[in-house]
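Computed from a predicted model, the values in this text were never measured in an experiment.
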Amino acid sequence: MRRVPMQKKLMVLDFTRDYNQLISAMEMKDYTLAEQLVTKLMKLAKDFDYSKPKAMIETARTVSDMHLNKAKVSAMQGDQKGSTEALTEATMIWPTNPKLREFTNMIGSNADVKTQAALDLDRLISQRNFRQIYNDQGRYLAAVMDDPQRQESLKKVLTDMGRVNFSIAAATNLAQSSNLAGAWETMERTYSEFPDDPEVSRLRSDFSIKPRSLSGPCKKPNSTRIVVKRAPPSPGT
């Protein structure tokens with residue numbers, strides 16, 4: 001050992017230290033550090049057998065990411081239990097997975113968006129702005145997935161708006177068939193129930209104006225008076 005050059009001795013010490021650290025990292029499931037150490041050991045010793053630690057690292061990474069993706073899908077579907085279970089599995093396999101932080105940030109961001117959407121829904125319902133809710137229904141459907149009370153409120157809004165849109169389509173067809181009176185009556189009935197809908201108000205106004213503009217004041221036809229002139233009597237009659 002005394003005949004071994006100092007540089008070689010230092011390389012052996014480095015290899016031993018890093019190898020022991022690799023074993024510790026694998027036991028602690030710190031696969032990011034383990035991967036760095038495997039790369040370092042491969043440079044220190046050309047005959048270092050890296051196949052086993054590499055395989056363990058890649059397997060842990062793949063399985064952890066698989067569970068993490070499952071947690072994301074479950075969270076997007078509103079399955080909190082499934083999301084938590086999948087997240088736990090991902091954490092147990094690779095506690096230091098850098099994607100875990102991304103996932104928690106995403107969940108926090110989604111929670112903020114979800115809360116804001118629920119508050120916007122409450123505000124629009126109080127304002128009876130059902131048209132806006134209908135136009136952006138995807139946002140509100142996602143926000144109330146785990147809120148039964150808001151689900152019922154949203155369901156009623158969408159059902160009512162379905163009826164309103166059906167009436168609008170029927171009135172439009174009547175107007176296209178030149179039945180403006182029927183179109184106006186359809187909108188008038190809908191307006192009595194949904195006076196705050198801007199589309200209903202607009203069509204009701206349009207259909208009430210058009211019949212009057214088409215029917216002007218009645219004019220009597222010009223009559224021609226025919227005057228028959230008699231010839232003057234001839235002399236001697």
Donor + acceptor pair across side chains of Q116, D120 (<3.5 Å): yes
Shortest non-hydrogen contact between F207 and A175, atoms and distance: CE2-CB, 3.6 Å
Pairwise side-chain contact, T32 with Q36, heavy-atom cut-off 4.5 Å (strictly under): yes
From OH (Y31) to NZ (K54), nearest 0.5 Å: 14.5 Å
Spatial distance of atom OG1 (T159) from atom OH (Y134) [nearest 0.5 Å]: 10.5 Å
Non-hydrogen atoms of W184 and R204 that approach each other most closely: CD1-O, 3.5 Å
Least distance between heavy atoms, A171 atom then A183 atom: O-CB, 3.3 Å
Nearest-0.5 Å distance, CG of residue D18 to OG1 of residue T39: 11.5 Å
Verify same cluster id: L203, V200 (apolar side-chain graph, 4.5 Å): yes
Test side-chain contact (heavy atoms from CB on, under 4.5 Å) applied to L121 and L141, V157, I133, the passing residue: I133
Close side-chain approach of M161 and Q137, heavy atoms under 4.5 Å: no
Ionic contact status for R131 with D196, cut-off 4.0 Å: no
Heavy atoms of other groups near M66 CE, more than 12 under 6.0 Å: yes
Worked check of side chain to side chain contact (heavy atoms under 4.5 Å, CB included) between Q132 and Q127: CA-CA 10 Å; Q132 181 63 40; Q127 295 173 350; over 6 Å; no
CZ on F130 to CG on L124, rounded to 0.5 Å: 9.5 Å
Separation of K43 NZ from L41 CG (nearest 0.5 Å): 11.5 Å
Value rounded to 0.5 Å, distance of CG in L22 from NZ in K40: 12.0 Å
Ion pair check, E152 and K155, cut-off under 4.0 Å: no
Over 12 foreign heavy atoms within 6.0 Å of OH, Y50: no
Test item: M26 and I23 side chains (from C-beta on) under 4.5 Å apart, heavy atoms: no
Sub-4.5 Å side-chain heavy-atom contact between M56 and K29: no
Close side-chain approach of M187 to I168, heavy-atom, < 4.5 Å: yes
Side-chain heavy atoms of N165 within contact of E199, under 4.5 Å: no
Joint hydrophobic cluster, V63 plus F103, side-chain heavy atoms closer than 4.5 Å: no
Main-chain N/O of R189 paired to S192 side chain as donor or acceptor, under 3.5 Å: yes
Shortest non-hydrogen contact between A71 and S83, atoms and distance: O-OG, 3.1 Å
Over all atoms of both residues, closest heavy-atom pair of T186 and T190: O-OG1, 3.0 Å
Minimum-distance pair of heavy atoms, taken over all atoms of A117 and A143: CB-CB, 3.5 Å
Pairwise side-chain contact, S153 with Y140, heavy-atom cut-off 4.5 Å (strictly under): no
Residues, nucleotides or ligands: over 12 heavy atoms within 6.0 Å of Y19 OH: no
S24 side-chain N/O to N20 backbone N/O, donor-acceptor pair under 3.5 Å: no
Can I get a per-line list of side-chain donor-acceptor pairs under 3.5 Å for residues 87-97, giving both atom names and the distance, sequence neighbours left out?
{"unit_1": "T88", "atom_1": "OG1", "unit_2": "T84", "atom_2": "O", "d": "2.8"}
{"unit_1": "T91", "atom_1": "OG1", "unit_2": "L87", "atom_2": "O", "d": "2.8"}
{"unit_1": "W94", "atom_1": "NE1", "unit_2": "T96", "atom_2": "OG1", "d": "3.0"}
{"unit_1": "T96", "atom_1": "OG1", "unit_2": "D30", "atom_2": "OD1", "d": "3.4"}
{"unit_1": "N97", "atom_1": "OD1", "unit_2": "K99", "atom_2": "N", "d": "3.0"}
{"unit_1": "N97", "atom_1": "ND2", "unit_2": "S64", "atom_2": "OG", "d": "3.0"}
{"unit_1": "N97", "atom_1": "ND2", "unit_2": "D65", "atom_2": "OD1", "d": "3.1"}

Same cluster (ILVMFWY, side-chain, under 4.5 Å), L119 and L154: no
Exam field: side chain S126 to backbone R123, donor-acceptor pair closer than 3.5 Å: yes
